[in-house]
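Computed from a predicted structure; not experimentally measured. Throughout, numbering of the chain's residues begins at 1 and tracks the sequence.
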Amino acid sequence: MALRDRLPAPPPIRLRRRLPRYTVHRDLPVTMPDGVTLLADRYVPTGVRRPPPTILVRTPYGRRGPAAMLNGLPFVPFGFQLVVQSARGTFGSGGEFDPLGSERADGVATVEWLKRQPWFNGSFGTYGASYLGYSAWALAAEAGPELGAMALQITASSFRDAAYVGGSFALESTLTWTDLTHRQQTRLGMLTAPLTSRRRAVRAALSGRPWRNWTSSRAARRCGSTVTCSPTTAPTRPSTGTAATSAGRSAGSRRR
């Protein structure tokens, strides 16, 4: 008799077909100090007797569909309520999207709104990767003791080093992300933009548009013989000693 025939039969594996249930409250308005209204969705697990802790996510990439899974929806069945807010100027939120520019003020105002809600139990955490993580860092210093945890991935509190790699402006990466963010709200944009944004960015970079825009700018018009200019840096003038030495050499040449 083979060894496998002597072993007891393993118990049958039973998979749970019932998916965890939750309730969704969509398009909650959150008014910012300047009067702009941002929209948020709140996910609450069913069967909870008291308000559970809250996970706050602020994102420019959408609140529903596949984005919901990336925004922390899998945490809801484990006893957390999830609040996902669209950043200013994205996916129904008012105002104009200013990348990285308004996340601190809008984030702090959102936290104050969160603390006033009757379903808030006094504790919340933040979650997210990349831009979502930056949004969490932006509000952390002024969130108060209610902020109990931060689970952030592939992110930073400042993206300057990512935009200026080695001191040079990362034109291709910036254009790719800009095109991706701009097109994501169009029809099928979330599917097509990741496939085509890099190619479009490279084509735009090779067209010379950023250089032509800079050469027509006020900074370029200020460039003269004593000004060193660059499209990624402010104009700088040489030191007085250098200018004096150059002038002296020119005068000496004329005398000879």
Side-chain angles (χ1 to χ4, degrees), residues 22-44 51-73 75-76 80-144 146-153 155-159 177-187 189-190 193:
Y22 54 84
T23 303
V24 185
H25 305 271
R26 300 196 185 278
D27 297 332
L28 300 179
V30 185
T31 304
M32 299 293 103
D34 62 354
V36 172
T37 299
L38 309 186
L39 298 183
D41 293 345
R42 173 178 169 239
Y43 298 83
V44 187
T54 302
I55 298 176
L56 175 63
V57 175
R58 304 191 63 255
T59 173
Y61 303 128
R63 291 169 281 142
R64 302 169 189 173
M69 300 300 294
L70 301 177
N71 293 340
L73 185 58
F75 291 115
V76 176
F80 294 93
Q81 60 180 338
L82 174 68
V83 175
V84 182
Q85 183 186 68
S86 289
R88 178 180 294 247
T90 66
F91 292 91
S93 288
E96 181 179 357
F97 181 48
D98 179 17
L100 310 179
S102 58
E103 304 309 334
R104 186 200 66 81
D106 289 351
V108 171
T110 300
V111 169
E112 295 304 316
W113 168 86
L114 180 66
K115 295 177 182 179
R116 296 193 300 266
Q117 303 310 303
W119 40 262
F120 180 65
N121 79 338
S123 175
F124 80 99
T126 54
Y127 169 80
S130 190
Y131 196 102
L132 284 64
Y134 173 83
S135 298
W137 277 118
L139 62 84
E142 302 173 68
E146 292 83 358
L147 177 59
M150 300 175 67
L152 314 178
Q153 314 87 36
T155 188
S157 59
S158 173
F159 279 146
W177 183 82
T178 301
D179 182 75
L180 173 65
T181 307
H182 174 70
R183 298 174 59 212
Q184 65 179 347
Q185 298 188 61
T186 62
R187 185 178 182 183
M190 294 294 290

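Note that CZ of Phe75 and OG1 of Thr54 are 14.0 Å apart. Values are rounded to the nearest 0.5 Å. Separating the CE atom in Met150 from the CZ atom in Phe124 is a distance of 9.0 Å, to the nearest 0.5 Å. Taking CG from Leu28 and CD from Gln117, the interatomic distance works out to 8.0 Å, rounded to the nearest 0.5 Å.
Heavy atoms only, all atoms of each residue included: Ala67 and Tyr61 are closest at CB-O, 3.8 Å. When every heavy atom of Arg104 is checked against every heavy atom of Ala138, the shortest pair comes out as CG-O, 3.2 Å. Closest heavy-atom contact between Pro29 and Trp113: O-NE1, 3.8 Å. Across all non-hydrogen atoms, the minimal contact from Thr155 to Tyr134 is OG1-N, 3.1 Å.
Just one residue in the list Leu82, Val83, Leu147 forms a side-chain contact (heavy atoms from CB on, under 4.5 Å) with Leu56, and that residue is Val83. Of the residues listed (Leu132, Thr59, Leu73), the one engaging Val84 in a side-chain contact (heavy atoms from CB on, under 4.5 Å) is Thr59, and it is the only one.
Proximity of a side-chain donor or acceptor of Tyr131 to a complementary backbone N or O of Leu100 within less than 3.5 Å is detected. A distance-only check finds no donor-acceptor pair linking the side chain of Glu146 to the backbone of Leu114 [under 3.5 Å]. In terms of modelled atom types and a separation under 3.5 Å, the side chain of Lys115 and the main chain of Phe120 share no donor-acceptor contact.
Taking Arg64 as the reference, Asp27, Asp41 meet the salt bridge (charged side-chain N to carboxylate O under 4.0 Å, His left out) condition, with sequence neighbours excluded.
Each side-chain hydrogen bond (donor to acceptor under 3.5 Å, both in side chains) pair with one or both residues in residues 84-101, not counting sequence neighbours, appears once here: Asp34-Arg88, Arg58-Gln85, Arg63-Ser86, Gln85-Thr110, Arg88-Asp106.
A heavy-atom distance below 4.5 Å is not found between the side chains of Ile55 and Pro53.
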